[in-house]
Q: 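Below are the C-alpha cells for one structure; questions will follow.
Just so we're clear, the structure is a prediction, and the values are computed from it rather than from any experiment. Per chain, numbering begins at 1; letters A, B, ... match sequence-line order.
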Amino acid sequence: MYRTRKTLFTAAALLAGSTGLAGIAQAEDTIKMGALATLEGAFAALGEDSMRGVTMALEEVDYMAGGKKIELVTGSSDASPDSAIRATRKLVEQDGVQVMVGPLSGSEGLAVKDYAKTQPDVTFVNGTSAAQDTTLRDPAPNFFRFSTDGAQWMAGLGEYAYNVKGYRSVAVLAEDYSFPYTQVFGFLEPFCRLGGKAPADARFWVPIGNKDYSSVIAALPDDVDAIYVALGGADAINFLTQYEQAGGELPLVAGSITVDQSVLGSKGRTRDFVIGTPSAGPISDTWDDPRWDAFVAAYQKRFPDGFPSPTLFSHGYYINTKALLLGIEAVGGDLSDGGAALRAALSALEFETPTGMVTLDPRRNAVADIFLTEVIVGPEGNLVNKTLEVIPAVSQTFGLAYEKFLEYGQVSRENPPCE
Amino acid sequence: MRQFIERHTFWAIVLVLLIAVFLWLVFAVWPPWLVAAIGRKKTFVNTLFNGVTLGGLYFLVASGFTLVFGLMRNVNLAHGSMYLLGGYIGYDVAEASGSWFLGLAVAFLVIALSGALLQVLVFRRMEGDDLRQTLVTIGLSIVAADLMLAAWTGVTYQFAPPEWLFGAAKLPIVSAVKSSGDAVYIKYPIYRLSVLVVAIGIGIALWLFLNRTRVGMMIRAGVNDRDMLSASGVNVQLVFAVVFAIGAGLAGFAGVVGGTALSISPGEDIRYLLASLIVVIVGGLGSVTGAAIGALLIGLAEQFGLAYFPTYGVVLTFLIMVFVLAVRPQGIMGGR
C-alpha cells in the first residue's frame, strides 16, 4: 500500500512539475540556491545540523552575494540515492535553482554527481557526502567538493592504531554503502600495510537504519584487539547503547561520524565507555585555533538548541556554502552564462575556513587539513574530541600521482583484503 | 503426560532426547569440533536469547491484535500506528517527567483510550462489514503515519530506561574456558531479559483475565457466538470497547518497551504491523496462546537467520509462514 501511495505521489509531483516549469520567471536580482540534506530517516539529526551550517554561511553575508539576493530552497532526502535524486530533481526542475548545496550521505553524492552531468547549467556544490568516487573516478564538471572525502578523513588513524595503540587485528562494523567503504579503505590501507589484520569474516556490514545490533554484537569475535566502527547518526547511537548494554569490552576505533558531536552530543545517556576512542576527521572539537573558536562561538550563539559544538555536518555544509557564495561574489552575481564563469571561479578558489586553508585538486575535490583525535571528557563534563595531531594538506590521492592511486582499486567491502 | 508416554513411547523418547541435546548445547562447554561446525557458543546462546526476547516483544504487540480479531473479526491494520504513537507519547511523557514508568503507564492509558474511541466512533458504524473496516484501518494508518511525521519529525528517539535496568547481567552459562583455566561467562543485557519477563507476565495476566474473570467469560462467549451473548442481556458494545481498549493499550505499552529495547522512528509502525500479522497467521488468528507460540517461532527464526545466514535471514520467517499455511491453514492454535 505504501508503494502505491508513493507512486501516486510521484505522479502528482511530476504533473505539478511539468506545469510549474513553464511558469518559472527568474527575477533579475535574485539567485535561487537549493540546499539538500537528510531531514528524514536514520541521519535526520545530521541533516538538521547541516542546515544550521547553511544558515550560518548565508547569515554571515546577510543572504547577499555579488549584489544579488540569495533565495534559499531546501530539499529533504533519507540517505538513499533515489530519495536524493527525487529531491534534487524537484529543486532543479521544479523550483529552478541555479546553484545547489548537498547532499549529505555518500551514495547520495554518487547519484547527484551523475545527475549533475544531465544539468550542465546548474552548479552543484557538495554537502558532506564523502564517497571516494564522487570526484575520483568519472567526475562531473559541474560538481565541486570543498569538503574532503571519507578516506582523506581517516588520514593518520591506521598508523596511530598500529603504532601507538599497538592493535594488530581488528573487526570491522560499518554500514553497507559507499561512504563506509571509503572510510574502511582509508583506515585499513595504512593499518594493513604496516602488518595489521582485518579478516573478511570479521567484517560486518549492516544496512543504514538498522535498529537491532544484538545479533551482530553476538557474532563479534573475541580474539581481535579492537573493533573499527564506521556508523553514523541513529545507527551509531543504537549500536553504542546496545554494545554497552551487552557488556562489550573491546576497545573501539571510530570512523569520522561515529564519535563526533552528532553522537556524543545527542540526548540520552552519556556514553563514558567511548572515552579514549581514537578517530580522525575534518574537524576536532578542541582544536586550539582562533578561526575554529570563532566558528564554535558563532554556532553556539546562533543555535542554543543545537549540539554542544558544531558537528562535521554543519562544518561541511558551512564550508561548501561559503565557497559557493565566495564564487558568486567573484563573478559579481552574474550567472547569465549558465554558470560557466562561476565554475571557473570556484575551480580557482582558495579560501580560509574554520579548519584552515582549502584548495581544490583538478577533479574539484578539496585538499585540506585532517585532525587525528581522541574522545575525552571536556571542561563542561561532556564528551569531546581532543586534537592529537593535525595532518596538513591531505589530498584525495594522499600525495600519490592520480594514475598510481587508481591502482588501489575501487573501495568495496573487500578492499584492502588484509588477510 | 503419562498417557502420552504410554501411547507415543517413540515420540516421547525423541522429545526427551531433543530437550537433553538442547540443554547440553546451552550449558556445556562446546568441544572444538562443534565450534568448527557451527561457530562459537557465545553466538549461539546470545542468538537464542535474542530470539526469545524478540519473541516476547512481538507477543506484546501481537496479543492485542489477535484479541481484537478474535472477538470482532476486525483485522485492525492501524495496530502498528498505535505501537508507534504509544512510543512517541511515552517518550514525551518520560522526558517531561523524568520517569520512564510514568511514560509506560501514560502510553498504555492514552492508546487504550484512543482504541476505545476508535471502536465507538468509527467501527461501530460499520459493524459486520469486515472489508470496509479493514480498509478504514489502512486509511487511518496512513493518515496517522504522516501526522506523526509532522509532529515528531523523522528523528530517531531513544528512551533512557531506569539505571538499574541498564547494563549486562552475567548468566551462569560458561561460553568458553580460557587457557588460564578461568571460565568465561556469557553476558546478556538486563533490559532485554526484563522484556521477556514482562511479556510472560502479560501473557499470564491475559490468560487469567480471559479464563478466570467475568468479563473474560463474556469475551470468550462473544468469540463463540456474538448474537447469543447479546441475547442473554450482555451489553456487547461495552465488551467490544473494553477489548479494543485493552488490545490498543497493549500496542502502546509495547511501543515504549520496544522503543527502549531498540528505538522508535517513522517506519516502525509498518514493521511491527507486519510482524504481528505474521505472528498471528502462524499462531492462529484470535488465539492468545497461538500468538505466544507464533511470536516465539518468528523471533527465533529472525534472529537465527540474521546470525547464521544474514543474506537469506528474512526468507526463514516467510518459509515458516508458507509451511504453516500449507499444512495447517488456520494457524497452529487456530480453531475451526
Side-chain angles (χ1 to χ4, degrees), chain A residues 1-6 8-9 38-49 76-79 83 176 201 204-207 209-223 233-249 262 266-270 273, chain B residues 39-40 42-51 53-54 77 95 138-139 141-142 145-146 149 153-161 163 165-170 175-176 184 186-192 258-259 261-268 270-271 302-308 310 313:
Chain A
M1 78 202 92
Y2 243 59
R3 194 64 26 117
T4 338
R5 187 158 66 102
K6 264 190 185 157
L8 272 174
F9 185 76
T38 54
L39 300 173
E40 303 154 51
F43 296 164
L46 316 182
E48 262 176 59
D49 207 49
S76 165
S77 60
D78 64 6
S83 73
D176 198 3
D201 62 357
F204 300 87
W205 304 97
V206 295
N210 185 35
K211 306 267 186 248
D212 192 351
Y213 285 88
S214 50
S215 55
V216 175
I217 290 168
L220 283 171
D222 303 311
D223 54 355
D235 293 356
I237 295 170
N238 275 333
F239 168 74
L240 291 175
T241 309
Q242 290 174 29
Y243 190 62
E244 186 184 9
Q245 265 191 339
E249 279 158 356
S262 61
S266 70
K267 284 180 207 157
R269 318 177 33 89
T270 48
F273 76 107
Chain B
R40 287 164 312 122
K42 183 184 140 205
T43 312
F44 174 79
V45 175
N46 270 322
T47 311
L48 181 73
F49 276 92
N50 286 340
T53 50
L54 184 68
L77 293 181
E95 277 294 290
I138 295 179
S141 76
I142 294 172
D146 278 0
L149 186 63
T153 69
V155 175
T156 301
Y157 289 82
Q158 214 169 25
F159 288 87
E163 207 49 44
L165 276 175
F166 200 86
K170 219 177 229 181
S175 81
V184 183
I186 283 179
K187 284 180 168 179
Y188 200 74
I190 297 171
Y191 183 77
R192 288 193 75 125
L262 306 170
S263 55
I264 45 171
S265 58
E268 290 295 274
I270 305 292
R271 199 172 95 103
E302 226 173 73
Q303 289 294 329
F304 272 97
L306 268 176
Y308 286 94

Q: Testing the basics here: between Pro189(B) and Ala246(A), what is the closest heavy-atom pair and its distance to 0.1 Å?
A: CG-CA, 3.8 Å

Q: Do Ser215(A) and Glu302(B) have side chains that get closer than 4.5 Å, going by heavy atoms?
A: no

Q: Show the nearest heavy-atom pair for residues Ala168(B) and Gly247(A), with the distance to one decimal.
A: CB-N, 3.6 Å

Q: At what distance, to the nearest 0.5 angstrom, does OG of Ser214(A) lie from CD of Gln303(B)?
A: 4.5 Å

Q: Which answer fits Ala169(B), side chain, backbone, both or neither, if we ask what part of it has an atom under 4.5 Å from a heavy atom of chain A?
A: neither

Q: Could you work out, with side-chain contact (heavy atoms from CB on, under 4.5 Å) as the rule, every residue matching Val216(A), not counting sequence neighbours?
A: Leu173(A), Phe204(A), Val206(A)

Q: So, for Asn238(A) and Leu262(B), which heavy atoms are closest and what is the spacing to 0.1 Å?
A: OD1-O, 3.9 Å

Q: Checking heavy atoms, do the side chain of Ile237(A), its backbone, both or neither come under 4.5 Å from chain B?
A: both

Q: Residues in side-chain contact (heavy atoms from CB on, under 4.5 Å) with Ala79(A), at least two apart?
A: Thr38(A), Phe43(A), Ser105(A), Glu108(A), Ile208(A)

Q: If I take atom CG from residue Asp212(A) and atom CZ from residue Arg192(B), how far apart are they, to the nearest 0.5 angstrom?
A: 5.0 Å

Q: Which pair of heavy atoms, one from Ala218(A) and one from Lys42(B), lies closest together, and at what distance?
A: O-CE, 3.9 Å

Q: If you round to the nearest 0.5 Å, how far is NZ of Lys211(A) from CZ of Arg271(B)?
A: 7.5 Å

Q: For a quick test of reading the model, state the closest non-hydrogen atom pair linking Ala261(B) to Gln242(A) and the distance between them.
A: O-NE2, 4.0 Å

